[in-house]
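Report on one structure; see the data block that follows.
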2 protein chains.
Amino acid sequence: MAVGNRGEKAQRQDGADDMRRIDTSSLEDILGFHLRMANVALYHDFSRAMEDLGLTQKQVAVLELIAQNEGASQIDIAATLGMDRATMMSLVNRLEDRNLVARRPSPVDRRRQQLILTGEGQEILAACRDLIAAHERKFTGRFSKEELKTFVGFLKRVYAGDSSG
Amino acid sequence: MAVGNRGEKAQRQDGADDMRRIDTSSLEDILGFHLRMANVALYHDFSRAMEDLGLTQKQVAVLELIAQNEGASQIDIAATLGMDRATMMSLVNRLEDRNLVARRPSPVDRRRQQLILTGEGQEILAACRDLIAAHERKFTGRFSKEELKTFVGFLKRVYAGDSSG
DNA sequence: TATTGTTATACTCTATAACTATA
DNA sequence: TATAGTTATAGAGTATAACAATA
């Protein structure tokens with residue numbers, strides 16, 4: 001591990017005595033590093049795509065899960081996405097403040113609140129889907145169908161059985 | 001895409017009228033979703049592993065890059081990791097407050113500050129490496145050498161050429 | 001006793017804007 | 001004009017602790 005020129009300074013691109021090109025070989029063999037770098041790249045593009053709608057990755061995921069699982073509770077969604085229930089609370093508060101989701105008491109368990117999309121929430125989600133599809137194509141277009149399937153399988157293997165909340 | 005039972009409610013695990021199992025099929029075909037889920041899983045385990053040292057993924061990456069590129073500037077490190085320079089500033093401030101890194105003026109460009117690890121920074125980084133190695137093995141152990149190579153190649157393809165800062 | 005929601009609190013990361021010093 | 005650092009400010013996610021209502 002850590003091949004490269006550890007200890008030696010990276011060559012600068014101009015004649016200055018400061019370096020510009022950063023040697024990353026010490027992180028090269030760390031899977032988590034590459035995973036985070038890929039995530040950062042996707043995050044940047046996602047944020048750019050969602051600039052007008054003002055929604056984050058997490059918010060969209062929550063909207064999508066509520067749409068597909070109408071009446072789910074905060075804690076169910078949170079567990080699915082690996083989020084804390086207090087984190088979920090503030091996220092839903094933000095969506096509720098923007099009138100995208102609503103809470104209604106569960107008829108069978110009065111501790112629980114069911115989450116539903118408002119009409120506005122459904123509209124913004126529909127707009128999201130188009131933007132996300134275009135955003136996704138920028139990256140999925142770099143892979144063949146087979147590669148993509150393998151790739152997703154690898155990613156699932158990383159997060160499979162993660163119930164660490 | 002989106003196979004599953006969209007529209008139908010997921011079956012509950014007990015007799016209650018609320019759902020517990022969340023249907024995620026609407027996110028199944030989104031590469032970014034799986035990437036984030038993998039990242040979340042890794043993040044949780046990393047945080048647990050670093051509980052005593054109190055360092056985040058980003059902080060460790062910065063320490064490692066400074067160690068390998070002694071004298072690099074904040075902006076060089078930031079660009080490498082896809083971070084904003086103001087974000088980098090506060091991150092370095094935190095590391096400096098903990099006496100893990102130090103700033104010294106560049107001898108050739110008085111706008112720049114060179115970053116170096118303190119002795120304490122070198123010590124904590126050494127401790128980090130062991131913890132991270134153990135943490136990484138939990139995940140890399142799920143892949144063959146060939147698979148891992150392919151996996152990292154895929155991840156690089158996602159973030160290759162990302163200079164969106 | 002355990003679960004769900006809730007509130008309070010705090011930290012990290014992120015990002016924009018504006019300013020200073022320097023190139 | 002552009003770059004590096006800096007400061008101020010704000011928003012979003014994360015997490016812990018504690019409490020009330022309910023199971």
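For clarity, every value in this text was computed on a predicted model and none was experimentally measured. Chain letters run A, B, ... following the sequence lines, proteins first, then strands; residues in each count from 1.
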Length of the CD-P vector between A/Q113 and C/dT7, whole Å: 10 Å
Heavy-atom side-chain proximity of A/D76 to B/R21 below 4.5 angstrom: no
Which nucleotide in D/dA4, D/dA15, C/dT4 has an atom nearest any side-chain atom of B/R112: D/dA4
Candidates D/dA15, D/dA4, C/dG5 - which lies nearest the side chain of B/I75: D/dA4
So which protein nitrogen or oxygen atoms get under 3.5 Å of nucleotides 18-23 of chain C's nitrogens or oxygens?
| from | atom 1 | to | atom 2 | distance (Å) |
| --- | --- | --- | --- | --- |
| C/dA23 | OP1 | B/R110 | N | 3.2 |

Partner of A/I124 by side chain to side chain contact (heavy atoms under 4.5 Å, CB included), out of A/N99, A/L95, A/V60, A/L100: A/L100
Whole-Å gap separating C1' (C/dC13) and CE (A/M37): 16 Å
DNA chain C: 5'-proximal contact among A/Y43 and A/Q74 (nearest heavy atom): A/Q74
Qualifying residue for side-chain hydrogen bond (donor to acceptor under 3.5 Å, both in side chains) with A/S73, from A/R111, A/R112, A/R85: A/R112
Contacts of type ring pair (Phe, Tyr, Trp, His ring centres under 6.0 Å), residue A/H135, not counting sequence neighbours: A/F46, A/F139
Distance, rounded to the nearest Å, where B/L81 contributes CG and C/dT14 contributes C1': 14 Å
Cationic N near anionic O, under 4.0 Å, A/E147 to B/R157: yes
Length of the line joining B/M50:CE and C/dT12:P, which is rounded to integer Å: 15 Å
A/K149, NZ atom: more than 12 neighbouring heavy atoms under 6.0 Å: no
Residue pair A/L155 / B/F151, side-chain heavy-atom distance below 4.5 Å: yes
Nearest-angstrom distance from the residue atom CE of A/M88 to C1' of C/dT7: 17 Å
Distance, rounded to the nearest Å, where A/R104 contributes CZ and C/dT4 contributes C1': 17 Å
For atom CZ of B/R20 and atom P of D/dA23, their distance in whole Å: 12 Å
Carboxylate-amine/guanidinium contact B/E136 B/R129, below 4.0 Å: no
Under-4.0 Å side-chain N/O to phosphate OP1/OP2 contact, B/H44 with D/dA15: yes
A/N93 and A/R98 side chains, donor-acceptor separation under 3.5 Å: no
Just the atom pairs and distances: protein N or O near nucleotides 7-12 of chain D's N or O, under 3.5 Å.
none

Nearest-Å distance for atom pair CG/C1', residues A/D84 and C/dT6: 12 Å
